[in-house]
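Written out below as structure tokens is the structure these notes cover.
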Amino acid sequence: MIHSAITGTGSCLPERVVTNQELEETVDTTDQWIRERTGILQRHIAGEKETTALMGAKAAREALDAAELAPDDVDMIVLATTTPDRIFPGTACHIQRELGTPVCPAFDVQAVCSGFIYGLDIARRFIMTGGGDTVLVIGSEVLSRIVDWSDRSTCVLFGDGAGAVVLQARDEPGILSTHLHADGRYDHLLQVSPEVNGAFIEMKGNEVFRMAVNTLGRIVDETLEANQMDRHEVDWLVPHQANHRIIAATARKLDLPMERVVVTVDQHGNTSAASVPLALNQAVRDGRIQPGDVLMLEAFGGGFTWGSALIRY
Ligand code: COA
């Protein structure tokens, strides 16, 4: 059986940082409210030239370097994004051109904040079935372009950035399992609806919060059960970064102290499909995540979609 493992990670964050204090000047909010309710202190906001494709390509290059591979080695590019640069061609094709990889499949996945986990699942199955040896899975977002900057209930939450991993064929499993779900009955709770407000994110925050906590609790159980693993065998939680309180609830479910949880929401805000690979890259590069560690990745987002991956790093 062919397995797959993450052999390199990378990221890219826009240069401009916007603090809560700066937002106090443009909408009726306070640093204290944002900190207490979300855990967010700042977010990166993309300039005109910092596109989904260019940030994604930069993160991908870093991940390839870390894996000691070249663009020539790539057999497929999966880009998870909610904010493609154009409706078509797929932004993954633009990334392919930027990187100069040979002709290979390249496409976008739209599963909002769960997109990276969806991409990881697709890449893993591609490798398992002999489709190729090396896949780039990227999450890249410029959410600032679809945020209503006059709506205090959403504009304080989101940020821009990109994260990427290289997934390679291996004899031993790195990715132990992946789990994907969606339930379209809840699409109205978190959406971009052109009819309503000019194509900006709108969210019923409270209801989304409750659903996220319950659903992520369930998927943690499902993931451990599928691997016949006890929750105490998990070394690191690498969660989607929407809200510090949601992350803490999932950590409690795993009986993990917060020191074993990778938190970037304070620095990045919610970067949707980019948030999990950004967090993963940070903890790999600062040496917290070590070879052999067991990682629980999870995400929940619009759709609703949700998913998880259990990884032996
Ligand atoms: N600054 C100050 N006050 C604000 C505010 C802001 N930026 N945004 C909202 N408020 C106000 C509301 O108007 C409301 O005031 P009211 O009681 O006078 O009506 C009050 O704060 C409470 O709002 P509420 O929405 O109930 O707050 P909350 O505790 O649920 O926190 C979220 C709001 C958005 C932070 C929280 O619901 C959340 O994180 N939801 C899920 C996010 C998520 O997971 N996203 C999707 C997955 S990608």
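Each ligand, and each atom within it, is numbered from 1 in the order the structure gives. Please read these numbers as outputs of a predicted model, since none were measured by experiment. For this chain, numbers begin at 1 and follow the sequence in order. Just the heavy atoms: all of them, side chains too, but no hydrogens, waters or symmetry mates, feed the values below.
- Between the side chains of Gln42 and Thr19, no donor N or O sits under 3.5 Å from an acceptor N or O.
- Listed as neighbours of ligand 1 are Asp28, Thr29, Trp33, Arg37, Thr38, Cys113, Arg152, Ser153, Val156, Leu157, Leu190, Met203, Gly205, Asn206, Val208, Phe209, His240, Ala242, Asn243, Arg245, Ile246, Asn270, Phe300, each bearing a heavy atom under 4.0 Å from the ligand.
- Using a 30° and 60° split on the angle between ring planes, Tyr186 and His188 fall in the parallel class, below 30°.
- Applying the ring-ring contact (aromatic ring centres under 6.0 Å, His included) test to residues at least two apart or on different chains, the pairs with a partner in residues 127-185 are His181-Trp306.
- Annotation for Val156 and Ile40: closest pair O-CD1, 3.8 Å, computed over non-hydrogen atoms.
- Residue Val142 belongs to a hydrophobic cluster whose other members are Met55, with links defined by side-chain heavy atoms closer than 4.5 Å.
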Donor-acceptor contacts under 3.5 Å from residues 205-221 side chains, at least two apart:
unit_1	atom_1	unit_2	atom_2	d
Asn214	ND2	Arg210	O	3.3
Thr215	OG1	Met211	O	2.6
Asp221	OD2	Lys253	NZ	3.0

